[in-house]
Structure formats: structure tokens, C-alpha cells
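Throughout, a chain's letter reflects where its sequence line sits, starting with A, and its residues are numbered from 1. Since this is a predicted model, take the numbers as computed values, not measurements.
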2 protein chains.
Amino acid sequence: MTQVRTVDGRIAGRRGQETRARLLECLAELLAARSYRDVTVIDVARDAGTSPATFYQYFPDIEAAILELAADVVREAAELKELASERSWAGRAGTVSATELVNGLMDFWQEHDSILRVVDLAAAEGDKRFTKHRMRVLDAVHKALSSAIGELQKSGKVESDVPAAATAGALVTMLAASAAHPKTFESWAVKDKDLRAALIRLVSWGVTGKKPTP
Amino acid sequence: MTQVRTVDGRIAGRRGQETRARLLECLAELLAARSYRDVTVIDVARDAGTSPATFYQYFPDIEAAILELAADVVREAAELKELASERSWAGRAGTVSATELVNGLMDFWQEHDSILRVVDLAAAEGDKRFTKHRMRVLDAVHKALSSAIGELQKSGKVESDVPAAATAGALVTMLAASAAHPKTFESWAVKDKDLRAALIRLVSWGVTGKKPTP
DNA sequence: ACGTACTTGTGTCATACCGTCAGCTTATCT
DNA sequence: AGATAAGCTGACGGTATGACACAAGTACGT
């Protein structure tokens, strides 16, 4: 872990790091409770039992603090790797792989919902730091799916003109966006269970080019 | 068209409507140019050559004005209907349908990019007005895909246990999200052309359950 | 225990945005 | 022209921002 520094370059000690961590924690709570646009430095500081000036000692602005939270999510996203890599995609085992991947990614996204939606926006707005983080959250899964498709192509089970990286990207994007917009599916009267079933089917086929074994 | 009213209940005349429209126009420009969080009422008013007080005469706040812009996008989205309904999904015609749908929806999303990403965020944050708008933008396409799958199920060409509405929803979500995050695909070194090819393939199969005819 | 050097937190300030109001100007109708 | 309503703005109290100097707290050697 790199050393934690204050905005003016000093190295933070034990107490400082605690304060910093408390600020981040309160920011995360506020982001979960109200809209991104309405979260202010003053609110965060007040909730953390400190002053705005203290906040600015550790973060140049709110965005920087959110970026930090996003970095935590990226770190946690490493565990998603296991959901996708070293998996078999043949026959019934493939269906299991798809199911676990869909459930795992959806649950992860919903758990980190409040931060990931800000990451999504900032990335869409073209902020490179956030684009990078967003990419990294999805990267493990993307890489795994991508190489799974590549393997199947090598063994001739999937046509070689299928763009592997693009297909893997589209699938991962689909999963993330589906998790991010449960309300839209609600409006369509789609139950979570049915959504997951549909996603599993699409992922299975997207990777293998074959109907999933039930 | 319902009568345009000011916040204090008066009916806006010709000049007032022009001012209102100019404010919306400038707001749209600002949203395209800088981040959602940084767009202020003062900026909008200044760009429109008027005062902040005038802004508040027509909109209770920035969000309300954005909601208005979103409503315009919803109205324009009606044209997407033609990309999906009354289409054949069999054989080569199906591939054409999928291609036009993918291109149409992606282009639409990219054109209205700056507004739709705010709609996305607000919807994800649970704001019902924005959820409704987001749903409506995607609704025509969703309905069309949904009933296309339903038809194929009736004629026995697709298994009846496939959740039609959920599958259509997942596909539409995939298209919208893919359009919204070109940078992520860039990071994966996926070219736009390959992305579209992958999407076409996934949509084709998602609807018909069969490999697309080239 | 005491003093020193460093870290951490706060009060305050200039600036900018928010949202409202009274009142002035401009258009419309008779 | 006069009456009426629409349209616009300057000004204001309130609040958030971000910077700074300084005060309070902490660690450590003697």
C-alpha cells in the first residue's frame, strides 16, 4: 500500500488516517442516501464530526474522494476473477459457469451500486480516471470471457470470424447495465428471476455459440 | 401541446417561450461541454443572455429543465419504433433487422449522449420521473423485440420457457449501455465496427435462438 | 516530567451559487 | 390611451467552496 498523504504533501499518521477513513465512510453513506449532485463537502464533514477544512486537507475535492472509493471497489472486484476464469463452458458445466457469473456480477454491482453509478456517469462524461476504474472493474471478467471464446475458436467450436473481445465486452456491459437498472426492468414487469434466466441464456450462447444445456 | 406555464402560474407568451427555449438550448450545450455536477443555473442564464432569476421563472430547478430535455429525447425516440416493429426475423432478413436495429439505437444514443447519461444516473438513483423517461426511450424497441420473440414462441421456433420480456430488456439494455461507454471498449482495444458486429450477432440470436444468416 | 518538533484540526475569509422578491419594462387588448 | 398581464432584473439573505494562518494535540528524546 502506498503511503497516504495529505493534500499539502505531508504523510498522514495514525489519527489522520482514521479521520480520512471516516470521511470516506461518511461520503459512501451519503452517496447511498441521496443524489450525487446533492452531496456536499460540508455534509460529509459534518457527518464525520469534523470541519470542511479537514476534508480539504485530505482530498482536493469530492470527486477525488469518490475516486478513492471507486479504487476500493476496483480492488474488491478482483474477486470477480474467480467467477469467470478457469471455467468450463461445455455442456452442463457451461450453464453452471454462466449462472455463477451472472449472479456474481449482478450481486457485486448491486452491492456497490451507489459508487458504481457515479463511476458510470463520470466515465460516460469522458473522465479518464473513472473510465480506467470502470474498465478495471469489468476487466477480469472481460478477459476471462474473451479468452474462453478464443479457446473455443481455436478448437473450432466457434466460428473464427466472431470478434471475441467485442462479444465479451458486450456481454459484460449487458450484465453491469442490467444490474444498474432494476427499476427499468420493473417497469417492464420483468422479475429479477426471469432477468437472470435471460442473462444466463444470452451469456451462455454468446460464449459458446450453442444453446445452454438445462 | 399543453400550454407552457411559468413557475408562478402565468401563461407564457411568444417572447417567454423563446426565452424558455433558449435556456433549454444553452443547458443542453453546457451538459455536452462539461460535467453534470458542474452545470449551474448562473452559467445557463449567462449563456442565454439573461439573468438567473429568469431561469427560475420557467423552471423550479436545473433538474426540472433537464427533465424537459429528456422529454424531448423521449419524443424523438418514437422514431426508433420503426427500427424494431413489423420486422421479419427469419433468415437473412433477420440479420438485416438486427443490423438496422443495432445501428439505429447506437446512433440515437450517441447523438443524445449528454442528456441520456444524466437520465441514466438519475434513473439509477431511483428518481421515478427519470426512470419513466428512460423506460420510454427504450420502450418501443423493447416492445417490438418482446413481441417478436413471443411470435416465434407461438410458432414453436423458440422454446416457450424463454422469458421474452426479460430477454428483450436485456438486449435493449446491452445496446444502450454499449453506446454509452465507447471509451470502455476503446480500453479493450475493441473497434466500433467489431462491437457492432458482436451486438448484431447477440441480438439476432437472442431473438431467434438461431445463428444469424450472414 | 518537560520541552521541542511535528501532525492534525479549526475559525475565518473572499468568492461564487442558490432561490426569492419587489418593482420596473414591455407587449397586448379594448 | 389606458388597463392588464407578461417578461425581466437588481438586490438580498442564505449557503457551499476552497484557501490560509494559527491553535490544539501528539510523539519523542532527555
Can you pull the ring pair (Phe, Tyr, Trp, His ring centres under 6.0 Å) pairs that have at least one residue in residues 161-188 of chain A, sequence neighbours excluded? A/Phe185-A/Trp188, A/Trp188-B/His142

Sub-4.0 Å heavy-atom contacts from residues 25-44 of chain B onto DNA chain D, ordered by number: none

Tell me, do [X] and [Y] make a side-chain contact under 4.5 Å, heavy atoms counted?
X        : Y        : result
A/Leu171 : B/Leu202 : yes
B/Glu100 : B/Arg87  : yes
B/Ser178 : B/Leu199 : yes

Check the phosphate of [N] against [X], side-chain N and O only, distance under 4.0 Å to OP1 or OP2. Yes or no?
X       : N      : value
B/Thr50 : D/dT9  : yes
B/Ser51 : D/dG10 : no
B/Thr54 : D/dG7  : no

Would one find more than 12 heavy atoms of other residues, nucleotides or ligands at under 6.0 Å from atom CD of A/Glu82? no

What is the distance, to the nearest angstrom, from the [atom1] atom on [X] to the [atom2] atom on [N]?
X       : N      : atom1 : atom2 : answer
B/Arg46 : D/dG10 : CZ    : P     : 13 Å
B/Phe55 : C/dT20 : CZ    : P     : 12 Å
B/Arg20 : D/dC8  : CZ    : C1'   : 16 Å
A/Ile62 : D/dT17 : CD1   : C1'   : 11 Å
A/Gln17 : D/dT26 : CD    : P     : 16 Å
B/Phe59 : C/dT20 : CZ    : C1'   : 18 Å
B/Asp61 : C/dC17 : CG    : P     : 17 Å
B/Glu18 : D/dC8  : CD    : C1'   : 14 Å

Under 3.5 Å between N/O atoms: give me all the protein pairs with nucleotides 19-24 of chain D, atom names plus distance.
none

Would B/Phe59 and B/Val41 satisfy side-chain contact (heavy atoms from CB on, under 4.5 Å), going step by step from the backbone distance to the final call? CA-CA 10 Å; B/Phe59 309 101; B/Val41 170; over 6 Å; no

Side-chain donor/acceptor of B/Thr40 to backbone N/O of B/Asp43, under 3.5 Å: yes

Run the salt bridge (Lys or Arg N to Asp or Glu O under 4.0 Å) test on B/Asp139 and B/Lys143 for me, step by step, so that the C-alpha distance in whole Å, both residues' side-chain angles and the decisive distance to 0.1 Å come before the verdict. CA-CA 6 Å; B/Asp139 212 30; B/Lys143 221 174 240 155; 3.7 Å; yes

I need the B/Trp89 CH2 to B/Leu152 CG distance, nearest 0.5 Å. 9.5 Å

